[in-house]
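Beneath this line is the structure, given in structure tokens, with notes to follow.
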Amino acid sequence: MDSIEFDAIIRHPRTIIHIDVDCFYAQVEMLRHPELQSKPLGVQQKNIVVTSNYLAREYGIKKCMSVEEALQLCPELALVNGEDLTHYRHYSAKILKILHRFTPLVERLGFDDNFLDVTSIVQKYMNSGNDSELNISINMEDEHPVGKVFGPSEEECPCGCHSRLIIASKIAAEIREQIYKDLHITCSAGIGHNKLLAKLVGLLHKPNQQTLIFPCSAAMLLSTIESVSKIPGVGQKTTQLLMSNNIKTVDDLRKTPLEALEKKIGIDLARKLKDNAEGIDETVVKPTGKRQSIGLEDGFKSVSLIAEVESRLGALLRRLTELAMEDGRIPVAMRLTVRKHDFNKSASGKRETRQCALPKHLLPSSKSGIYDHAKMLALAMKLFHRTVDVSKPFHLTLLGVAFTKFEERSSGKNSITSFLRKQVAVQSVLDISSEEGVSDINLGSPMSVNQDSNDGSAMSTTSSPISKPIGTNNQTVDDDVLNEIEPLPKKTRLEVWLSGRRESPSNEMADLRLSPSSPMQLSPKIDAAVLKSLPIDIQREVTRSWPTTSKPKSNNILKYFIANK
DNA sequence: ATGGGTCCT
DNA sequence: AGGACCC
């Protein structure tokens with residue numbers, strides 16, 4: 001076959017479904033309060049109605065409207081406090097599980113926004129007429145799409161995407177049906193050949209509906225967008241930048257030469273937006289793995305007393321440690337966030353954060369199984385004193401605390417944790433010692449606390465009342481709490497070694513990433529012998545960590561091959 | 001704005 | 001550590 005012909009045929013190879021839960025918080029609250037089902041309902045956080053059900057929207061209530069304004073529009077509006085996200089997190093996880101029945105290729109944005117790459121399951125349907133692994137059946141005889149279609153659909157694209165998208169519309173309907181059957185939650189869906197189109201087209205018919213777009217209508221859909229700010233990735237700053245250059249619509253974007261745009265907003269963003277303006281978006285669905293951070297925030301009018309800071313942080317930390325236990329992984333770093341009141345401005349000030357390592361003896365040991373809250377609080381207060389000068393008056397409007405790095409809770413002698421702990425010989429082979437003064441980091445007790453290397457910790461792990469002052473007895477442990485607030489080690493030994501490899505000229509990492517079918521394959525220059533000397537499961541753990549420590553350019557097909565933990 | 005999150009610089 | 005973005 002001619003290569004030109006080949007290029008002409010494979011044009012829209014992917015099939016993407018975007019699933020957007022309708023007014024998610026409001027739906028959850030309607031389930032929790034059935035008596036509010038048929039009433040206009042708003043979900044309130046502080047003085048804001050963050051979302052509302054569709055009945056309330058008929059009154060003109062919009063997202064993030066002030067409570068006063070909302071009540072003026074709809075005096076009978078029922079309000080439910082939605083500051084605690086526990087229930088939403090819960091339903092979000094259930095929805096994700098349902099989506100995973102269809103494909104592991106689910107990317108989540110927030111709690112209620114999901115991309116699914118259904119390319120391969122569509123292919124399965126086309127091959128077999130059904131998918132025995134899924135207990136769903138699709139009427140392949142019907143050539144009509146389910147739901148709405150945006151734009152004309154007379155002529156079929158020669159690449160065959162037409163029928164793929166129609167099958168995907170049936171899958172989307174099945175997904176929405178299963179979510180409704182299991183959870184009584186309604187969703188809207190968009191079906192397209194890329195994420196941009198799937199997301200945008202799904203907005204056209206809501207709630208509880210779905211819309212399909214064929215590639216030939218892509219440019220048309222983008223033209224219907226009134227402002228560039230509706231393009232995902234174009235936020236406030238970029239919008240302002242574009243506006244100041246007289247670029248307001250997608251059409252303005254099209255008229256602006258790429259070179260001119262690059263000078264205004266930067267090369268990467270300019271190229272992305274020029275593509276997007278034509279409905280082109282090659283970014284892949286990146287399966288969402290475990291969270292990179294777990295945090296809680298509390299906003300308020302003003303907090304000016306250290307005692308109140310302490311009590312609020314204590315409350316946040318209690319809930320945060322519960323979330324960490326649910327997650328199952330071991331947090332390694334803590335981050336404190338504050339927002340200081342801004343007097344000269346009407347808006348609140350910017351956030352400031354301070355981060356530090358979480359000393360291992362603050363973590364739940366296998367003996368107690370619980371966090372030492374007094375010491376956690378002492379650590380958080382240390383971070384607080386690093387961000388706020390308490391010798392002067394202060395006025396805070398927000399406090400937040402988060403865990404920001406994790407290690408797997410991997411017991412068992414097959415884990416990389418225990419392997420690295422024992423195999424000092426391997427470390428010397430890897431030759432990663434004394435780079436940039438980080439040589440001793442994480443040598444003795446790199447990860448899990450399950451092995452409990454913390455000798456003599458028994459006396460301090462249990463029964464340490466919250467009220468106990470820090471640093472009055474048990475000098476060694478408390479000194480640790482107070483002194484181990486040095487900045488996080490930049491890199492673990494493994495990471496240092498990996499980054500050293502990455503910067504070597506031939507870039508073996510790329511070779512590795514490009515071998516999806518044989519991920520263990522190495523270029524001859526890499527330390528194959530060393531790697532092969534490791535047990536097979538350790539090899540996997542090591543190679544799995546490579547792509548994340550290197551930097552694949554943001555969105556490309558390599559992401560399909562990068563494990564996501 | 002709220003109470004979460006992501007990734008990049 | 002901050003800044004942009006997402007919901």
Side-chain angles (χ1 to χ4, degrees), chain A residues 18-26 42-52 62-70 79-90 92 95 107-115 195-196 199 202-203 228-241 265-266 268-269 272-273 283 286-301 316 319-320 323 327 333 335-339 342 345-356 383 386-387 397-404 487-488 490 548 551-555 559 564:
Chain A
H18 181 250
I19 298 279
D20 186 34
V21 185
D22 302 320
C23 56
F24 179 48
Y25 289 6
V43 177
Q44 182 176 2
Q45 286 173 341
K46 294 299 176 302
N47 206 31
I48 278 167
V49 178
V50 291
T51 194
S52 62
K62 301 279 199 270
K63 285 183 181 185
C64 293
M65 188 176 266
S66 78
V67 170
E68 294 92 357
E69 205 179 340
L79 288 169
V80 174
N81 188 289
E83 289 167 18
D84 184 340
L85 307 189
T86 303
H87 300 107
Y88 313 139
R89 195 178 291 119
H90 186 235
S92 181
I95 290 166
E107 178 178 347
R108 285 207 306 163
L109 273 82
F111 283 176
D112 63 344
D113 206 321
N114 307 273
F115 291 100
K195 288 167 69 179
L196 175 70
K199 174 157 189 159
L203 296 172
V228 287
S229 65
K230 305 292 182 193
I231 297 176
V234 179
Q236 224 177 310
K237 297 288 175 178
T238 310
T239 304
Q240 285 307 316
L241 241 180
I265 63 174
D268 290 350
L269 193 55
K272 182 196 113 92
L273 291 190
T283 63
K286 188 195 175 194
T288 300
K290 301 225 183 177
R291 285 178 285 179
Q292 305 292 306
S293 67
I294 301 178
L296 293 171
E297 287 176 356
D298 190 7
F300 31 72
K301 279 280 177 301
L316 288 174
R319 294 171 53 208
L320 185 61
L323 291 176
D327 180 272
R335 174 154 70 210
L336 182 86
T337 303
V338 307
R339 189 178 58 204
D342 203 338
K345 292 243 173 185
S346 57
S348 5
K350 294 176 165 72
R351 289 153 193 258
E352 291 175 42
T353 67
R354 296 292 183 275
Q355 195 173 76
C356 72
L383 288 173
R386 250 216 265 160
T387 97
T397 62
L398 181 138
L399 281 167
V401 65
F403 293 140
T404 57
L488 270 182
K490 290 277 189 288
T548 41
K551 280 173 88 176
K553 197 55 189 172
S554 64
N555 267 309
K559 286 196 175 171
N564 200 284

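Convention: sequence-line order gives letters A, B, ...; per-chain numbering from 1.
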Protein-nucleotide distance ([X], atom [atom1]; [N], atom [atom2]), rounded to Å:
X	N	atom1	atom2	answer
A/Q44	B/dT2	CD	P	12 Å
A/I294	B/dG4	CD1	C1'	12 Å
A/F111	C/dC6	CZ	P	18 Å
A/E297	B/dT2	CD	P	10 Å
A/L109	B/dG4	CG	P	18 Å
A/N81	B/dT2	CG	C1'	11 Å
A/Y88	B/dG3	OH	P	11 Å
A/L241	C/dA4	CG	P	10 Å

Minimum-distance nucleotide to [X] side chain [options: [options]]:
X	options	result
A/Y25	B/dC7, B/dG3, C/dG2	B/dG3
A/D113	C/dG2, B/dC7, C/dC7	C/dC7
A/R319	B/dA1, B/dG4, B/dG3	B/dG4
A/T353	B/dC7, C/dG2, B/dT2	C/dG2
A/E352	B/dG4, B/dG3, C/dG2	C/dG2
A/Q236	C/dC5, C/dA1, B/dC7	C/dC5

Strictly below 4.0 Å: does [X] bring a side-chain N or O up to OP1 or OP2 of [N]?
X	N	result
A/R335	C/dA1	no
A/K286	B/dC7	yes
A/K199	C/dC7	yes
A/T238	C/dC5	yes
A/S293	B/dT6	yes
A/R351	B/dT2	no
A/K237	C/dG3	no

Could you say whether A/L296 or A/G349 is positioned toward the 5' end of DNA chain B, judged by the nucleotide with the nearest heavy atom to each?
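The answer here is A/G349.
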Considering every strand and a 4.0 Å limit on heavy-atom distances, what is the contact class for A/R89: base, sugar-phosphate, or nothing?
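The answer is sugar-phosphate, as A/R89 gets under 4.0 Å only of primed atoms, P, OP1 or OP2.
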How is A/E83 classified with respect to the nucleic acid when contacts are heavy atoms under 4.0 Å: base, sugar-phosphate, or nothing?
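Contact class for A/E83: sugar-phosphate only.
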Side chain A/E83, main chain A/K46, donor-acceptor under 3.5 Å:
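Pair found, side chain donor or acceptor close to backbone of A/K46.
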Side-chain (A/Q355) to main-chain (A/R335) donor-acceptor, under 3.5 angstrom:
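A pair under 3.5 Å: no.
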Between A/Y25 and A/Y88 (judged by ring centroids, cut-off 6.0 Å), do the two rings come close enough to count as a pair?
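Distance test on ring centres: under 6.0 Å, yes.
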With a 3.5 Å cut-off and sequence neighbours excluded, list the donor-acceptor pairs that the side chains of residues 231-241 of chain A form with protein atoms.
unit_1, atom_1, unit_2, atom_2, d
A/T239, OG1, A/G235, O, 2.5

Would you please say whether a donor-acceptor pair under 3.5 Å links the side chains of A/S92 and A/R108?
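There is such a pair between these side chains.
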Mind telling me whether A/F115 and A/H18 have parallel, tilted or perpendicular rings, with 30° and 60° as the class edges?
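Tilted: the ring planes of A/H18 and A/F115 meet at 30° to 60°.
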